[in-house]
Amino acid sequence: MNSIVKKIIVGVIVVAIICMGVFIVIKATQSKDSTKDESTKKKTETSKVDLSDYVELKPEYLGGKLAQTLHEKIYPNDQKVTFDSSVAKYTLGDGAIEVGESDAHDGYQVWMFSKVDNFSIYGVQVGMTEAVAKEKLAEHGLEKSESDIYMITDNTYVRLNISDDGIVNWVCFNYYLGN
C-alpha cells in the first residue's frame, strides 16, 4: 500500500506542478497582451494638432520637416507621405491635407480639403460654420481683412472657402517668403 500511496502523492505533485506552469504561462501571455494593447492604444491615440504650432518648420523642399512632422502627429499609424516633385507638394495620409509650394512660387501653403478630426489650421476645420471658424480665428487674434483673408503677420495669412450655406469647404495657410 505504501508504494501505491507514494505513486498517488507523486502523481498529485506532478499534476500540481504542471497546473502551476500552465497558470504562469497564461498570466505571462495575458501580461504581454495587455502591454501590447497599451502600446497599440498609445500609437493609435492622437493629440490635437494645430498648424499654428508648426509654421516655422518650413516644408521639406525648403530644408524643413513640416510635412513629415505634421504627418507623424496627425497620422501616427500611417507613415507614408507622398511627394509630387512637379508641383513641390506633399500629400499627407488620405489626401485631406497638402503641404506645398505656393501658387506664385514665393512661399508655401498648407491646405485642408476635408475634415481631419485631430487637425486644425489656426483653430479652423473643414465642415465648421463660418461663424465658428471666425470665432476660432479670433481666438488666435485674427480678423477678416478687406480682401477676405485673415492676416497673421505681414507674410502669413489664412484663407477660407465658404459654401453658400455658410460651411467651411477648405482652409489654406499661406507663408510668403519674399523674393
Side-chain angles (χ1 to χ4, degrees), residues 40-179:
T40 302
K41 191 177 192 180
K42 285 179 185 173
K43 284 181 185 173
T44 57
E45 286 178 2
T46 54
S47 57
K48 301 286 183 192
V49 176
D50 191 273
L51 180 65
S52 63
D53 297 324
Y54 299 94
V55 295
E56 296 303 322
L57 289 180
K58 308 253 184 318
E60 285 71 357
Y61 75 95
L62 292 172
K65 289 188 168 236
L66 180 61
Q68 188 64 43
T69 300
L70 288 176
H71 193 79
E72 289 169 359
K73 302 266 183 205
I74 300 165
Y75 303 102
N77 295 323
D78 173 14
Q79 296 305 312
K80 183 179 178 198
V81 175
T82 306
F83 179 66
D84 180 348
S85 61
S86 67
V87 289
K89 176 182 71 176
Y90 298 84
T91 302
L92 283 57
D94 58 3
I97 303 168
E98 291 182 356
V99 177
E101 189 173 29
S102 67
D103 298 336
H105 310 290
D106 58 0
Y108 72 90
Q109 301 173 314
V110 178
W111 293 85
M112 182 175 11
F113 295 109
S114 58
K115 184 177 181 183
V116 178
D117 289 332
N118 60 327
F119 179 66
S120 58
I121 295 178
Y122 285 79
V124 178
Q125 291 182 307
V126 171
M128 289 181 162
T129 64
E130 181 177 19
V132 171
K134 284 181 179 181
E135 288 174 22
K136 297 291 184 181
L137 291 165
E139 289 172 12
H140 286 275
L142 308 180
E143 292 185 21
K144 193 174 189 178
S145 71
E146 293 175 14
S147 57
D148 287 343
I149 59 175
Y150 295 82
M151 293 300 295
I152 301 163
T153 67
D154 288 344
N155 62 339
T156 57
Y157 61 92
V158 173
R159 292 184 296 160
L160 305 177
N161 179 273
I162 307 296
S163 70
D164 291 339
D165 12 339
I167 303 297
V168 176
N169 287 326
W170 53 256
V171 185
C172 182
F173 168 81
N174 294 268
Y175 193 113
Y176 173 68
L177 295 171
N179 296 334

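Bear in mind that the values here come from a model prediction, so they are computed numbers and not experimental data.
Between Y108 and Y175, the ring planes lie parallel to each other; the angle is under 30°, not in the 30° to 60° tilted range. Using cut-offs of 30° and 60° on the angle between ring planes, the pair Y75 and H71 is tilted.
Between S120 and Q125 the shortest heavy-atom distance is CB-CG, 3.9 Å. When every heavy atom of K115 is checked against every heavy atom of D117, the shortest pair comes out as CE-OD1, 3.5 Å. A pairwise comparison of heavy atoms in V126 and W170 identifies CG2-CA, 3.9 Å as the closest pair. V116 approaches A96 most closely through the heavy-atom pair CG2-CB, 3.5 Å. Shortest non-hydrogen contact noted between S102 and Y61 is N-OH, 4.3 Å.
No donor-acceptor pair under 3.5 Å is formed between the side chain of N118 and the backbone N or O of V49. A donor-acceptor pair under 3.5 Å is absent between the side-chain atoms of E143 and the main chain of A138, judged by distance alone. Looking at T91, its side chain never comes within 3.5 Å of a backbone N or O of G95 through a donor-acceptor pair. A donor-acceptor pair under 3.5 Å is absent between the side-chain atoms of S85 and the main chain of A88, judged by distance alone. No side-chain donor-acceptor contact under 3.5 Å links Q68 to the backbone of V81.
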Requested in this report: Under the side-chain contact (heavy atoms from CB on, under 4.5 Å) rule, what do N174 and I149 come out as? Steps first, then yes or no, please.
Outcome: CA-CA 10 Å; N174 294 268; I149 59 175; over 6 Å; no
Requested in this report: Step by step, work out the side-chain contact (heavy atoms from CB on, under 4.5 Å) result for F83 and E60.
Outcome: CA-CA 10 Å; F83 179 66; E60 285 71 357; over 6 Å; no
Report task. Could you walk me through whether L66 and V110 pass side-chain contact (heavy atoms from CB on, under 4.5 Å), step by step? Result -> CA-CA 10 Å; L66 180 61; V110 178; 3.9 Å; yes
**Report entry** I162/V168 under side-chain contact (heavy atoms from CB on, under 4.5 Å): CA gap, chis, key distance, verdict
**Finding:** CA-CA 5 Å; I162 307 296; V168 176; 3.7 Å; yes
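Note that NZ of K134 is 9.0 Å distant from CG of L160, once rounded to the nearest 0.5 Å. S114 OG to N169 CG: the interatomic distance, rounded to the nearest 0.5 Å, is 11.5 Å. The CG atom of L70 sits 7.0 Å away from atom CD1 of I97, with the distance rounded to the nearest 0.5 Å. Note that NZ of K136 and CD1 of I121 are 14.5 Å apart. Values are rounded to the nearest 0.5 Å. From D165, atom CG reaches atom CD of E130 across 11.0 Å, with rounding to the nearest 0.5 Å. Within the model, atoms CG of D84 and NZ of K89 stand 5.5 Å from one another, a figure rounded to the nearest 0.5 Å.
Counting only heavy atoms from C-beta outward, the side chains of L177 and K58 approach each other to under 4.5 Å. The closest side-chain heavy-atom distance from F119 to L51 is below 4.5 Å. Two residues are said to be in side-chain contact when any heavy atoms from C-beta on lie closer than 4.5 Å; V158 and V124 fail this criterion. Using a 4.5 Å heavy-atom cutoff, the side chains of V171 and Y122 are not in contact. H140 places a side-chain heavy atom less than 4.5 Å from the side chain of D50. At a threshold of 4.5 Å between non-hydrogen side-chain atoms, the residues L92 and V99 count as touching. Looking at heavy atoms from C-beta onward, Q109 lies in side-chain contact with R159 at the 4.5 angstrom threshold. Side-chain contact between V55 and T156 is absent, with no heavy-atom pair separated by less than 4.5 Å.
For D154, the CG atom counts as loosely surrounded, since its 6.0 Å shell holds 12 or fewer non-hydrogen atoms of other residues, nucleotides or ligands.
Residues Y150 and Y157 keep their aromatic ring centres 6.0 Å or farther apart.
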